[in-house]
Amino acid sequence: EDVTLQLKWVTQAQFAGYFVAKDKGFYEEEGLNVTILPGGPDVAPTQVIAGGGADVVVDWMPSALAAREKGLPLVNIAQPFKSSGMMLTCLKESGVESPEDFKGKTLGVWFGGNEYPFLNWMSKLGLKTDGTDVTVLKQGFNVDPLLQKQAACISTMTYNEYWQVIDAGISPDDLITFKYEDEGVATLEDGLYVMEENLKDPAFEEKMVKFVRASMKGWKYAEANPDEAAMIVLENDETGAQTETHQKRMMGEIAKLTAGSNGELDQTDYIRTVAALMSGGSDPVITKEPEGAWTHQITDKALQ
Amino acid sequence: MRSILPVLTVIAAICGIWYLAAVRMNATWVYDQAAREGREVMLVDLVAETLTQERPVLPAPHQVVKGLWDGVAGQKITSKRSLVYHGWVTLSATLLGFAMGSVAGILLAVGIVYNRAMDLSVMPWAIASQTIPILAIAPMIIVVLNSLGVTGILPKAIISAYLSFFPVVVGMVKGLRSPDAMQLDLLRTYSATGAQTFGKLRLPSSMPYLFASLKVGVAASLVGTIVGELPTGAVAGLGSRLLSGSYYGQTVQIWAALFAAAAVAAGLVGLIGWIERATLKRMGMVR
Amino acid sequence: MIGLAVQGALILAGFVLDLRLGLVLMLWFGAWTLNAGLAETQSGLARRIVPVIFGLAVLALWEMSVKMWAISPVILPAPSAIWAQITGSLPTLGADFVQTFVKGALSGYLLGCGAAVLTAVLIDRSPFLQRGLLPVGNFVAALPIVGIAPIMVMWFGFDWQSKAAVVVVMVFFPVLVNMVAGLKATDSMQRDLMATYSASYWQTLRKLRLPAAMPFLFNGLKIATTLALIGAIVAEFFGSPIVGMGFRITAEIGRLGLPMIWAEIAVAAVAGSAFYGLVALIEKRVTFWHPSQRH
Amino acid sequence: MARQRGGMKDTGAMAQPVIEARDLNLVFQTGDGPVQALKDVNLTIGQGDFVSFIGPSGCGKTTFLRCIAALEHPTSGVLKVNGMSPDEARRRRAYGYVFQAAGLYPWRTIAGNIRLPLEIMGFSRDEQEERVKNVLQLVDLDGFGKKFPWQLSGGMQQRASIARALAFDADILLMDEPFGALDEIVRDRLNEELLKLWARTGKTIGFVTHSIPEAVYLSTKIVVMSPRPGRISDVIESPLPRERPLEIRDSKEFIEIAHRVRDGLRAGHGDAM
Amino acid sequence: MARQRGGMKDTGAMAQPVIEARDLNLVFQTGDGPVQALKDVNLTIGQGDFVSFIGPSGCGKTTFLRCIAALEHPTSGVLKVNGMSPDEARRRRAYGYVFQAAGLYPWRTIAGNIRLPLEIMGFSRDEQEERVKNVLQLVDLDGFGKKFPWQLSGGMQQRASIARALAFDADILLMDEPFGALDEIVRDRLNEELLKLWARTGKTIGFVTHSIPEAVYLSTKIVVMSPRPGRISDVIESPLPRERPLEIRDSKEFIEIAHRVRDGLRAGHGDAM
Ligand SMILES: Nc1ncnc2c1ncn2[C@@H]1O[C@H](COP(=O)(O)OP(=O)(O)OP(=O)(O)O)[C@@H](O)[C@H]1O
Ligand SMILES: Nc1ncnc2c1ncn2[C@@H]1O[C@H](COP(=O)(O)OP(=O)(O)OP(=O)(O)O)[C@@H](O)[C@H]1O
Ligand SMILES: Cc1ncc(C[n+]2csc(CCO)c2C)c(N)n1
Ligand SMILES: [Mg+2]
Ligand SMILES: [Mg+2]
């Protein structure tokens with residue numbers, strides 16, 4: 001049986017579980033033939049699945065819920081990532097020491113569906129993002145705005161961009177980080193989403209059960225063998241741009257985020273995410289309580 | 001041949017300016033680092049350090065050359081780190097897109113020349129089509145094509161074709177219309193058919209125009225391919241090298257990919273120029 | 001006549017295969033036949049509305065197809081939805097337009113073209129420089145210049161200055177190459193005439209070579225208009241403030257705001273065509289004497 | 001000054017009329033209103049005639065030749081070529097047309113240019129080669145078949161273009177200022193050769209020129225035209241013998257005819273400059 | 001056939017030599033080796049002479065005219081204009097040059113074109129207007145000053161280009177086949193007017209043509225040239241009176257001179273075709 005998986009970003013250890021499952025033959029054992037499509041800066045997984053380009057996608061919950069409200073009925077069928085890895089990383093010399101100092105600063109943010117947690121946090125802090133309180137800059141593909149001092153803070157992931165800043169020669173002592181998790185504004189990240197109508201098809205459901213089971217097996221294997229997982233990811237990288245040290249380190253950080261999850265969506269996490277997204281003041285990410293945006297139907301069967 | 005010396009001079013001048021600029025632009029970082037480590041920078045150190053940074057704002061020419069050399073000769077050409085491999089990925093999509101674009105362009109031009117309604121209705125929209133920022137919506141187009149089951153190198157090739165068809169249409173329309181009234185009348189006195197007029201007059205006389213626009217078109221189609229590779233999947237190709245270089249702040253990698261693309265462009269334009277000379281020579285149009 | 005028969009047959013086949021296909025084909029061929037008829041008339045007005053009918057037919061087909069095949073608005077929105085979006089978000093579209101077109105593209109265009117013309121005049125006196133710079137210029141003009149966008153963003157910051165810089169680099173060489181060719185475009189008789197007057201270099205430049213170069217220059221300027229818009233929009237990929245046409249497009253992709261994306265595309269196409277048209281109009285004014293403007 | 005005005009019946013009845021024009025009118029619709037290019041043109045050209053058309057710029061010489069070759073269609077009147085309509089005659093490939101400039105296709109060799117009408121008319125390969133060879137000889141260009149047009153002088157190109165018009169043996173040769181761009185000496189030579197060729201083949205020739213001596217030297221019949229609207233103002237039958245050495249140009253008859261042509265021209269010219 | 005070969009001293013001593021060439025040679029270095037365009041040219045042109053240059057294509061007529069105007073520089077020999085070097089004379093604005101094609105700047109009106117040399121030579125505004133008006137009248141173009149070149153017929157354009165050369169009152173008028181592209185009648189008219197103008201202004205005129213009657217009709221002195229290498233093969237002093245009606249062309253003297261010119265030309269022509 002064929003399954004196409006659309007990733008949210010380029011091939012890297014962030015998606016180690018799926019590559020391990022494929023490489024180690026876990027998918028094959030379930031009788032699945034899985035194609036993994038890497039993402040990119042402007043590939044929106046939501047759009048890919050809407051166009052029928054994939055059966056299942058990895059996406060962050062804020063953008064999935066926003067899409068759902070736009071009329072694209074996505075359903076979360078599994079949540080391998082327990083905690084959020086997103087943070088704002090600031091240069092100490094810019095004078096930012098606490099969130100109160102953001103006012104009047106330039107902050108780098110990812111767009112394309114990843115801006116929701118940030119916008120939500122800012123509205124919680126009561127800061128306007130239209131340039132009056134903070135100046136927002138659409139961050140490109142790299143950490144240059146921080147290195148070039150074009151921004152006081154930029155968005156980073158604990159497992160990736162943060163280390164790129166360090167690799168560029170800035171010592172951790174010169175940096176201040178604000179993890180969304182610590183600020184109480186964390187939202188759920190990498191989860192697996194499918195189209196609602198597909199779930200009514202028992203054959204599809206069956207396929208997803210197998211897929212989630214194999215994927216979680218892959219994740220747990222990756223957690224236990226981070227270095228091997230990183231090497232597997234490296235082998236699957238077509239661009240030849242990834243390096244071993246970087247991927248091994250990333251795998252280490254990723255393992256921390258997946259650690260608390262067996263794949264099943266934790267309802268309290270979900271409720272917290274929804275609450276955060278709805279509290280966005282005048283311009284909330286979603287306006288009404290989503291219904292049927294998640295299901296345990298798959299994980300119940302897969303993890304029994 | 002006689003322009004070799006001037007060209008070398010200009011290149012030398014550019015390199016000189018480039019080195020100076022590299023020192024200047026990379027200096028901030030050197031000073032900052034020194035300040036963080038609390039040491040002084042001498043001028044000699046400054047030059048040495050600005051020209052050997054791992055993530056320079058502007059890499060020095062020799063760093064780019066080394067990056068190119070490593071990319072081309074430093075690996076097996078099948079390796080994913082090889083510029084030859086990525087160059088080939090880009091080249092193949094470019095060639096496919098260019099072929100599609102030129103064929104479409106030529107057919108459209110023939111239609112425009114032979115059909116008044118097409119002439120009036122298509123041309124303004126062809127101009128408008130080129131003002132659509134296809135480059136900005138490339139990722140979307142690729143997704144849409146994917147959803148239609150078009151995958152692989154074809155989506156890139158379609159974007160590249162979209163950019164290359166326009167110069168070909170414009171040049172080819174001009175070329176097919178280049179025979180003067182007298183040359184056309186001559187064939188009418190023979191009662192030549194439309195097909196004969198096309199094959200024996202319009203087509204041959206459009207050749208110089210066609211080749212001129214093919215050169216523009218092939219360059220445009222390379223741009224199209226690279227842009228098609230930029231944001232989408234970043235799987236392989238010079239565009240994705242550019243992107244991943246940018247993603248990891250590897251300026252040397254960006255510049256190496258850029259120069260590799262330049263070499264591909266120069267090669268393609270040169271190749272068409274060569275075919276042009278050979279063809280026109282056979283047609284007796286080179287004196 | 002044969003054409004009509006073939007069209008009829010195609011429409012019929014369409015209806016047999018799929019009612020909707022038949023309808024689409026019918027609309028298309030209907031508009032086409034109307035246009036073909038209009039194109040044959042001598043009236044200037046009739047001919048002017050031919051492209052309009054063509055455009056309207058395409059829009060109508062688009063709307064019909066989206067409705068009849070129930071294409072998801074997340075893949076391709078209908079023209080009516082796009083129009084609603086345009087009228088509904090004029091302030092946003094306006095701000096984006098100013099940021100990308102006026103600040104980025106236009107300023108870069110003026111700077112780049114100005115610099116190219118000046119350079120052409122300056123190197124015009126040195127055959128050595130010309131022989132050196134032109135091959136290099138031709139080479140650079142064939143480069144995938146968009147590749148320098150990330151570099152420019154790194155150098156000039158994320159605001160419009162970096163976009164203008166990309167535009168400058170993109171338009172510089174095409175205009176330079178055309179202008180140099182234009183300055184050479186005088187025929188020897190015209191130059192000899194100036195020589196018999198013992199005219200100075202600057203007199204010859206002002207009275208002969210600049211006017212004679214105009215048709216060539218405008219060729220370059222017209223190419224540069226489309227390049228400028230593309231350059232400014234693409235450069236926004238690599239970092240931008242939260243306003244701008246390129247920004248809006250990338251941001252809305254993630255939000256599935258397809259009508260907004262298409263609204264920006266429409267603005268870009270209209271602005272680009274208008275820009276091109278404006279330059280073509282100025283060309284007509286300036287080079288009114290050139291045979292290509294007179295027929 | 002003109003002896004006869006347009007609308008006259010011309011009287012030089014020949015063996016058998018090859019071209020017959022009766023009350024021909026042609027009006028061009030242009031942006032600035034209609035232009036009457038031909039008005040009430042009556043003319044009969046017999047088998048084997050050499051007819052020159054002379055007249056100021058814009059008087060309709062080219063237009064009339066083009067009507068004969070069915071490149072233009074009269075607005076009213078009757079035009080018959082070999083008893084058929086010009087279109088019909090064209091379909092039977094009755095015309096060899098030589099344009100003012102040589103108009104050779106630059107991407108074809110001289111032989112290739114001459115072969116062009118033969119290819120279009122579907123002659124066999126062998127026949128093509130045969131004819132190209134003959135006709136190259138006829139215009140004194142053997143050995144130049146493989147050259148490209150630009151490798152030849154203007155005079156040679158013009159001869160090649162004549163060869164092209166001769167290759168398929170059309171009955172009627174129409175020549176529109178074929179020697180306009182050449183210098184006088186070369187022109188003299190080509191004139192002599194054209195006369196020889198005409199004598200040898202007995203073709204009917206229509207010939208447009210601006211040069212009075214050329215018209216007088218070559219023709220059996222000189223048609224003087226006047227502009228606005230384009231009409232025939234005089235038709236002069238030449239009393240000169242068919243055999244004409246260059247020296248004939250200093251003879252009294254020659255000078256007399258030339259005078260008559262010049263007078264006719266000047267009358268038609270008026271303010272046109 | 002030619003009476004005199006190049007290298008001869010010409011004897012028609014005039015009032016005062018305006019142009020004097022002694023043993024002039026000019027060799028062009030081309031890709032296919034050197035081309036001798038002028039060989040041992042000796043010529044004296046006096047004040048008020050009307051000198052025609054005639055000869056087959058490529059014999060160096062244009063080259064010689066260009067040498068006089070300092071557009072080309074002889075490889076050896078002496079060339080003096082008004083006792084100075086041609087460059088010097090050019091700096092003093094001694095030349096009005098009329099090229100074969102009218103060569104008007106299409107972006108300037110007729111008046112603008114005529115004003116061009118005046119602007120360059122720094123005439124005052126008023127003076128410019130004044131001169132443009134006069135000279136337009138002189139060539140019979142009043143009222144056409146505001147038109148653009150393409151709105152005029154070929155003959156009118158040519159007259160405008162002559163007006164442009166006349167506007168700044170140069171001593172020497174050099175004309176390179178100015179009427180080559182015009183039809184015979186128009187040409188006759190312009191010839192007559194040129195003669196009148198010459199009579200009125202007493203300018204020295206150098207005139208290149210391909211037409212024997214034109215050369216004979218206009219000149220006080222006809223220089224026949226022959227090619228490969230370009231040399232003077234004959235210099236003919238015209239016995240015709242300065243006052244010349246068009247009818248003079250049928251006179252015995254005229255025909256005789258024309259014969260002599262034709263013979264000289266034919267001798268030089270040889271194989272050149
Ligand atoms: N296609 C056309 N459309 C409109 N007017 C035309 C067209 N062809 C010719 N004319 C006009 O018809 C008249 C006769 O033109 P024609 O070319 O026959 O003159 P001609 O005698 O050959 O002149 P020339 O000696 O300059 O070649 C002219 O006034 C010309 O402007
Ligand atoms: N710039 C040049 N470089 C090389 N050869 C030249 C150049 N100008 C003229 N020639 C050669 O010098 C010779 C004389 O040329 P010139 O133009 O003076 O001839 P001409 O008598 O004016 O001919 P025509 O009647 O065709 O105008 C020719 O053989 C020509 O090819
Ligand atoms: C230009 C751009 N940068 C970052 C992201 C967001 N993103 C998606 S997955 C992931 C983790 C990779 O480190 C991140 C940061 C984006 N969508 N586009
Ligand atoms: Mg004509
Ligand atoms: Mg000449």
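Each chain gets a letter, A, B and so on, in the order its sequence line appears, and its residues count up from 1. For the numbers below, each heavy atom of this structure counts, side chains included, while hydrogens, waters and symmetry mates do not.
- Between C:Q190 and E:Y105, the shortest heavy-atom contact is O-OH, 3.2 Å.
- Put simply, of E:P149, E:A165, E:P117, E:G103, the one with the most heavy-atom pairs under 4.5 Å next to chain C is E:P117.
- Only the side chain of C:Q203 comes within less than 4.5 Å of a heavy atom of chain E; its backbone N, CA, C and O stay farther away.
- Heavy-atom pairs under 4.5 Å with chain C were tallied for E:R108, E:R164, E:M121; the largest tally goes to E:R164.
- Around atom CZ of C:R285, no more than 12 heavy atoms belonging to other residues, nucleotides or ligands sit under 6.0 Å away.
- When heavy atoms are compared at a cutoff of 4.5 Å, E:L71 approaches chain C solely by way of its side chain, counted from C-beta outward.
- A distance of 10.0 Å separates CZ of C:F288 from CH2 of E:W107, quoted to the nearest 0.5 Å.
- Both the backbone and the side chain of E:R91 come within less than 4.5 Å of a heavy atom of chain C.
- To the nearest 0.5 angstrom, E:F168 atom CZ is 6.0 Å from C:T196 atom OG1.
- E:R90 approaches C:S198 most closely through the heavy-atom pair O-OG, 3.0 Å.
- Considering CG of C:D192 and OH of E:Y97, their distance stands at 7.5 Å, rounded to 0.5 Å.
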